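Everything on this sheet refers to the single structure shown next.
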Amino acid sequence: MADKKKLLLLDGSSLAFRSFYGLLDLNRFKNQNGLHTNALFAFNRILERLFQTEEPTHMLVAFDAGKTTFRTEFYDEYKGGRQTMPSELAEQWPYFKVLIEAMGSKTYELPNFEADDIIGTYARQAEKEGFEVVIITGDKDLTQLATDQTRVDITVKGVSDLKAYTPESIREEMGIEPLQIIDLKGLMGDSSDNYPGVRKVGEKTALKLIKEYGSVENLYEQIDSMKKSKMKENLVADKENAFLSKRLATIDLDTPVEMELNQLTLAERDAEKLVSFYREMNFNSFLNDLDHTEDDRSDSFEEIVYEAVETITEDHFSNEMALYVEMLEDNYHYGKIVAISWGDEKHLYTGKAEVVLQSDEFKNWAEDQSKKKSVYDAKRTIAMLHYAGIELKGVTFDMLLASYIINTNDSGRDIAAVAQEYQYTDVSFDETVYGKGAKIAVPEDNAILFEHLARKVQAILKLKTQLITELEKNNQYDLYFEMELPLAMVLAEMEITGIKVEPEQLEKMKVEFSKRLEEMEQQIYEEAGEEFNVNSPKQLSVILFEKMGLTPIKKTKTGYSTAVDVLEKLSVTVPIAQMILDYRQLAKLQSTYVEGLLKYIKPETGKVHTRYIQTLTQTGRLSSTDPNLQNIPIRMEEGRKIRQAFVPEKEGWKIFASDYSQIELRVLAHISGDEHMKEAFIEGQDIHTSTAMRVFGIENPKEVDGNIRRQAKAVNFGIVYGISDYGLSQNLGITRKQAKEFIDRYFEKYPGIQAFMERIVEEAKEKGFVETLFHRRRYLPDIKSSNFNLRSFAERTAINSPIQGSAADIIKVAMIRMQKAIKEKNLQAKMLLQVHDELIFECPEEEVAILEELVPQIMENAVDLTVPLLVDSNYGDSWYDAK
DNA sequence: TGGTTCACG
DNA sequence: ACGTACGTGAACCAC
């Protein structure tokens with residue numbers, strides 16, 4: 001212990017505000033209950049850094065007690081006109097004290113006084129006792145407290161940078177003594193604290209005057225001898241203000257604080273409180289750091305008993321167990337199983353992959369439908385074991401899927417992160433065991449690996465009941481057990497089946513494209529008058545907006561935009577814009593689709609195997625990755641040709657595709673109950689034509705021309721997205737006023753839709769979430785935000801999510817029934833892909849007729865709505881031809 | 001690693 | 001007055 005005593009004084013109120021605005025990422029920093037945590041996160045970082053750099057022996061965090069202080073008693077405008085605290089910060093306020101006290105420091109506030117006064121008082125007391133004092137604040141006024149024993153650190157930008165003020169540095173920078181800061185303030189006033197000073201006197205003039213006269217008092221004593229000037233007149237006129245302002249700026253060094261200095265001794269961190277606080281706030285990185293700083297991390301774990309198996313017997317299995325298969329790679333179609341663990345309440349077993357996968361006993365158990373298995377990520381587990389020659393059956397619970405249904409933010413691969421959401425911490429993060437980045441590896445010591453896996457299995461066992469209870473509470477039992485869990489098995493099968501892609505097609509395109517790209521590149525260089533990287537938006541914007549002197553149309557965060565809409569506008573003036581558009585289109589096809597796809601073709605089978613991510617989107621849709629097969633080009637003919645490479649696996653087979661027609665608008669018609677929109681669908685009208693007729697007052701459908709229909713279509717889309725006049729105007733290239741008129745007319749003609757929008761936003765505000773037809777939830781904490789943008793976004797999301805999500809629910813039901821029907825009818829057909837509103841199959845030619853009946857029948861009847869669902873089907877020799 | 005652009009529904 | 005359409009993934013650049 002250092003014999004030198006050091007007191008750290010923090011201006012809690014000021015730092016809390018700085019923390020909030022310095023890390024204003026409200027979307028990212030939210031805990032599971034929707035509480036914003038950005039300021040707490042930033043504040044924690046400040047605290048941790050201060051402990052490291054300052055190593056204080058004593059500490060206090062002072063807060064302002066309230067609006068009225070002794071200063072407002074003699075100047076009631078003091079700090080008037082300040083904005084009220086944003087609600088997103090207010091909700092975090094109570095937790096600052098929890099955090100600070102868990103860190104071992106005291107907090108303090110005193111009615112009638114500000115944090116400054118408390119800090120000033122303790123600083124002076126401590127100086128007398130020979131302490132070294134450090135003050136941390138965002139408020140420059142406190143520099144008046146700087147002495148040889150007291151340093152004042154002011155936050156520069158945000159909270160990461162601090163600037164130290166000592167008497168010397170103040171002298172050097174401003175040419176005055178710390179205490180003269182008060183006189184300075186007296187003359188110049190303070191706009192943020194809302195007191196005036198002397199008119200027309202800013203920092204520069206005030207500094208000059210203080211250097212000359214020393215203090216406000218001195219200045220006025222000698223004012224008669226001052227030369228006649230406008231400034232002198234002002235000084236005389238505002239004399240009262242000057243003294244008032246000086247008084248306001250003076251920190252009270254004698255506040256009646258109740259704690260003795262020795263009570264401010266910094267205590268040990270309260271690890272238990274800190275852990276539960278971090279857990280509540282979902283601060284996983286801090287939790288992790290906390291783990292690392294513990295001398296013996298495993299001490300914080302409960303003991304665990306498991307058996308490392310070398311020889312596997314039937315005794316190792318029971319009727320109901322949890323199972324975890326470990327693989328470090330993300331892509332389970334290509335990775336290698338490391339080890340496997342399984343167990344029940346009584347026994348936990350773990351073994352290396354070589355041992356377990358060779359065992360007939362394990363295979364028999366895994367493939368036995370009647371032996372129930374709980375897992376973490378069923379689809380992944382099924383796929384991994386499939387490639388090891390084992391067809392896993394009897395999966396009755398998936399922890400990852402369950403936690404995603406309860407909270408769509410739980411999508412991670414790491415079981416520890418999800419477990420932590422449910423206050424279970426008896427399992428390590430993968431990162432702590434395997435490392436990260438390039439150094440990721442299985443630990444050399446088998447015992448470490450085995451224990452880690454055994455703990456994962458135990459986590460699944462321990463959390464199962466809790467998760468199921470939560471699902472029941474949310475009315476999501478069926479969504480989980482009847483939809484998502486069965487779907488996981490369906491998706492596993494689709495992924496494993498894969499789809500055949502002919503490399504010859506793509507190779508041909510690759511050669512052609514690269515030749516054309518080179519030509520286009522040369523032409524662009526000629527237009528530009530120099531060579532540059534056409535793929536670099538930054539270099540391109542230099543060419544366009546600096547060298548060629550074109551007028552920028554749109555800005556991005558980092559510079560001028562060169563996106564499609566901008567280049568389209570520029571193409572009227574300069575030919576290079578169109579060339580770049582053409583180049584980009586082709587370059588995209590080449591790099592993402594031609595070359596990109598080629599990399600994913602498995603040489604042995606000629607197939608690509610995407611992975612559907614079932615636990616990612618906020619709406620319930622699937623996503624597809626490695627490769628993404630949900631965004632293969634279709635809109636432009638040139639890109640559409642990529643689909644010619646997607647072919648059936650077997651000779652003489654066909655690609656068969658069925659897609660829902662207008663599913664989102666039909667869902668909207670159903671959940672809004674709008675009579676007119678329902679009628680249009682029930683009578684089988686073209687919805688966009690029908691909208692055009694109603695909104696533009698056209699009687700005869702034949703009079704609806706292409707352009708009018710296009711506009712009506714854009715409005716319909718806008719409605720689904722939670723329309724705004726601005727968005728619609730951008731999309732249609734019309735004025736905001738016109739767009740607003742469209743929308744108003746629309747709501748007039750479809751009053752049920754407007755009522756639905758108002759209702760759903762209201763509901764979101766009440767409950768904090770919105771729901772799909774099948775009770776899939778999306779939480780919207782920003783719906784009550786004081787920030788216009790965040791709130792507006794949440795409102796649009798409240799409208800869109802039930803629509804997009806219900807459509808996602810419907811196709812998921814159809815997929816499960818389709819897979820079942822194929823098996824029951826013993827068809828050879830295989831379901832290959834899902835692209836949000838369409839399903840793609842391959843089948844022998846003779847089954848085409850069956851699918852033409854069966855697929856629409858199942859898709860259209862997946863759910864019973866108040867409007868019909870309609871499905872279109874097509875088939876051909878390739879995906880391209882199934883149109 | 002974040003920003004920009006662009007492919008899809 | 002505010003500054004947006006909803007949901008994704010991949011390639012590339014620049015730091």
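Below, chain A is the first sequence line, B the second, and so on; all start at residue 1. Fair warning: this is a prediction, and the values are worked out from it, not measured in the lab.
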(request) Just call it for A:R584: base, sugar-phosphate, or nothing, with non-hydrogen atoms closer than 4.0 Å on any strand. (result) sugar-phosphate
(request) Would you check if A:I799 and A:F756 make a side-chain contact, meaning some heavy-atom pair closer than 4.5 Å? (result) yes
(message) Regarding A:E838, tell me which of base, sugar-phosphate or nothing describes its non-hydrogen contacts under 4.0 Å with the strands shown.
(response) nothing
(request) Verify the contact: side-chain N or O of A:R621 to OP1 or OP2 of B:dC8, cut-off strictly under 4.0 Å; return yes or no. (result) no
(message) What's the gap between B:dA7 and C:dC2 when it is taken at their P atoms, as a whole Å value?
(response) 32 Å
(request) Please work out if A:I632 contacts a base, only the sugar-phosphate, or nothing of the nucleic acid, heavy-atom cut-off 4.0 Å. (result) sugar-phosphate
(request) Identify whether any heavy atom of A:A798 sits under 4.0 Å from a base atom; if not, whether one sits that close to sugar-phosphate; answer base, sugar-phosphate or nothing. (result) nothing
(message) Under 4.0 Å, heavy atoms only, any strand: does A:R640 hit a base, just the sugar-phosphate, or nothing?
(response) nothing
(request) Report which part of the nucleic acid A:E664 touches: base, sugar-phosphate, or nothing (heavy-atom distance under 4.0 Å, all strands). (result) nothing
(request) May I ask you to check if A:R611 and A:Y332 form a cation-pi contact, with NZ or CZ under 6.0 angstrom from the six-membered ring centre and within 45° of the axis? (result) yes
(request) Look at all strands and tell whether A:V720 reaches a base, only sugar-phosphate, or nothing, counting heavy atoms closer than 4.0 Å. (result) nothing
(request) For A:I634, report the nucleic acid contact type (base, sugar-phosphate, nothing); a contact means any heavy atom under 4.0 Å. (result) sugar-phosphate
(request) Under 4.0 Å between any heavy atoms, over every strand shown, what does A:I799 touch: base, sugar-phosphate, or nothing? Just pick one. (result) nothing
(request) Looking at every strand, decide which applies to A:N731 at a 4.0 Å heavy-atom threshold: base, sugar-phosphate, or nothing. (result) base
(request) Return the nucleotide paired to B:dG3: Watson-Crick means purine N1 to pyrimidine N3 with N6-O4 or O6-N4, wobble means G-U with N1-O2 and O6-N3, both under 3.5 Å. (result) C:dC12
(request) Summarise how protein sits on nucleotides 10-15 of chain C as a single string, 5' to 3': B when a protein heavy atom is under 4.0 Å from the base, S for sugar-phosphate-only contact, - for no contact. (result) BSSSSS
(message) Just to be sure I understand the rule, does A:G722 reach a base, reach only the sugar-phosphate, or reach nothing, if contact means heavy atoms closer than 4.0 Å?
(response) nothing
(request) Compute the ring centroids of A:Y880 and A:F646, then answer whether they are less than 6.0 Å apart. (result) no
(request) By nearest nucleotide on DNA chain C, pick out whichever of A:T797 and A:F788 is the more 5' one. (result) A:F788
(message) With a 4.0 Å cutoff (strictly under), does any side-chain N or O of A:S561 reach OP1 or OP2 of B:dT5?
(response) yes
(message) Heavy atoms from C-beta onward define the side chain here; which of B:dC8, C:dA5, B:dG9 lies closest to that of A:R796?
(response) C:dA5
